[in-house]
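To start, the structure under review is shown below, and the notes come after it.
So that the names make sense, note that chain A is the first sequence line, chain B the second, and so on, each numbered from 1. Values below: every heavy atom of this structure, side chains too, minus hydrogens, waters and symmetry copies.
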Amino acid sequence: MSDTNRAELVLYNTLSRGKNAFQPIDPNRITMYVCGPTVYNRVHIGNARPVVVFDTLYRVLQSLYPTVIYARNITDIDDKIMATAAELGEDISTFSERYAQAYFEDMAALNNLEPTITPYATKHIPEMISMTSLLIAKGHAYESDGHVLFAVQSMENYGQLSGRSLDDMLAGARVEVAEYKRYAGDFVLWKPSSDEEPGWDSPWGRGRPGWHLECSVMAEKHLGKTIDIHAGGQDLIFPHHENEIAQSCCAHDGKPMANVWMHNGFINIDGEKMSKSLGNFRMVKDLLDHYPGEVLRFVILSAHYRSEQSFSAELLDSAWRSLDSLYGYLRSSKRALPIVNKSGVGYKALLDDLNTPMAVSELHRLAKQMHSAVGAEQQSLSSELLGLAELMGLLQRDPEDWFTLARGVGDISKQDIEMLIAKRQQAKGDKDYSGADQIRQSLLDQGVVLEDSRAGTQWRRS
RNA sequence: GGCGCGGUAGCAAAGUGGUAAUGCUGUGGACUGCAACUCCGCCAUCGUCGGUUCGAUUCCGACCCGCGCCUCCA
């Protein structure tokens, strides 16, 4: 019988359209695959949302199970990559590797842990060719005019994830049907490459893989035929994940590709989806020039991952102030070792389909309580606070650094600040308050706020 | 046209069949030489209209508004 007090992970599954208790295939080896980027550009903050969200899930899973294998791919062969590299006259692999590295940097700046495995599409061409052959052999794919296409009608329940029938999909289709397709909904597994285009030899001639194939192949190779969790952005539900399911499921005689499918909502700018095509995106890199990565992460975790999320400079500033408040409490108390309180409100909130907004509110509650507590109680609250924060990848920095590290090249130095504080102290001692205030104002003008207390004067950059 | 999501205070954002967490902002006060920090307090009846119910923001229905997907897209 189930113990109602026992912490249980509950996740929303796009496939079942509801929250279900998470049932691992093998509790000793949890497998999770998150769709990574196609590397042809710097990523925007919307691309960062799934990474932050599922990084948090990864941490939560690690708190529950001994081993979690987390794979996040790099798609480094794609028409957009080819086009952009060609424009720049750059070698495609040099080009894509550059953006893969940029992606790693951006994601690391947001405190994301590295996945266990980062598979590259171009390192799995032979496996993609064999899955394609297998699908042809099983009657789920056909060759046509140098292309290999997946025949969606050959699959019993194609469209299950996105909840639509083939008829519905084609009714509103806004794409012209390529001549080589037997059926409008069929999608490409393999396509021919011209001599100038990158390509690999295959039974169907020199060519390259279609978009969805790499994920099916890499998930199988590194995680298994059926994995625990497969995740990504909402826009991947159709066609990307639907087609991954079709490929994997048909290649594996009906075995499900993943038990749980999770999808995060979009980030909106002025009520509209942020996207590359709308041109209203905010690059992570550019934001990092103005805000600490932790602020970006905090904003993302302030909303529930399945909701749409607003994004603005005002929100970033507000998030920064919230973090200041949290770090402020941390700064004024002795730091304890992080310990996850598994019966705490925050942890339970995370187990409930990653209710990070509630966990964040618990962070504030714990910090406040810690601040007014003393001795052992304070230490225990500090542990719980830091433990919960660690699960979300937050509050990991030294509070002193958070407030005092220079933020830009022109910032006044720590030495100068402390020298001026000493001078002001002297003025105060001499009851020269206008002199003291002058110094304080001058520091404030340089972005430094002073906080007097009995113990002395503390400062922070604002 | 098909499928789906959402409308909660100035800005964000949770949540619940019994009159609504949390953060930022604003505001009153304490503390302070003055500030800052901190502390105490204040600021919403949950899109509209009906229905179910002893009672609905929470369930059901209609409507209005906004948004997303339908093979570029996290």
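Between A:F95 and A:Y99, a ring centre-to-centre spacing shorter than 6.0 Å is recorded.
Rounded to an integer number of Å, the gap from CD of A:E244 to P of B:rU71 is 17 Å. Taking atom CZ on A:R306 and atom C1' on B:rG15, their separation rounds to 14 Å, with Å as the unit. For the pair A:R365 CZ and B:rC39 C1', the interatomic distance rounds to 18 Å; values are reported in whole Å. B:rC24 atom P lies 9 Å from atom CG of A:L326, rounded to whole Å. Between the CG atom of A:L450 and the P atom of B:rA36 there is a distance of 12 Å, rounded to whole Å. Across the protein-nucleic acid pair, A:Y433 atom OH and B:rG33 atom C1' stand 4 Å apart, rounded to whole Å.
Of the candidates B:rU38, B:rU71, B:rG33, B:rU71 carries the atom nearest the A:P239 side chain, counting heavy atoms from C-beta on. Between B:rG33, B:rC67, B:rA14, one nucleotide has an atom nearer to the side chain of A:P357 than all others, and that is B:rA14. The nucleotide whose nearest atom lies closest to any side-chain atom of A:R440 is, among B:rA74, B:rC39, B:rA35, B:rA35. Comparing B:rG68, B:rU25, B:rA74 by their closest approach to the side chain of A:R321 singles out B:rU25.
Residue A:N355 has a polar side-chain atom (N or O) positioned under 4.0 Å from OP1 or OP2 of B:rG15. Contact annotation: A:S310 side-chain N/O to B:rA13 OP1/OP2 distance is under 4.0 Å. Distances shorter than 4.0 Å separate some side-chain N or O of A:Y329 from OP1 or OP2 on B:rC39. Within the 4.0 Å cut-off from OP1 or OP2 of B:rC69, at least one side-chain nitrogen or oxygen of A:K273 is found. Side-chain N/O atoms of A:S307 include one lying less than 4.0 angstrom from OP1 or OP2 on B:rA14. Remark: A:K428 is not in phosphate contact with B:rC34, judged by side-chain N or O atoms under 4.0 Å from OP1 or OP2.
Distance check on atom C1': B:rG51 versus B:rA44 gives 26 Å, rounded to whole Å.
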I would like to know whether A:I300 and A:T356 meet side-chain contact (heavy atoms from CB on, under 4.5 Å); could you show each step before the answer?
CA-CA 9 Å; A:I300 289 172; A:T356 54; over 6 Å; no
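For the pair A:R282 and A:F311, the cation does not sit on the ring face, since its NZ or CZ is not both under 6.0 Å from the ring centre and inside 45° of the axis.
With hydrogens and angles ignored, the 3.5 Å screen pairs a side-chain donor or acceptor of A:S312 with a backbone N or O of A:L315.
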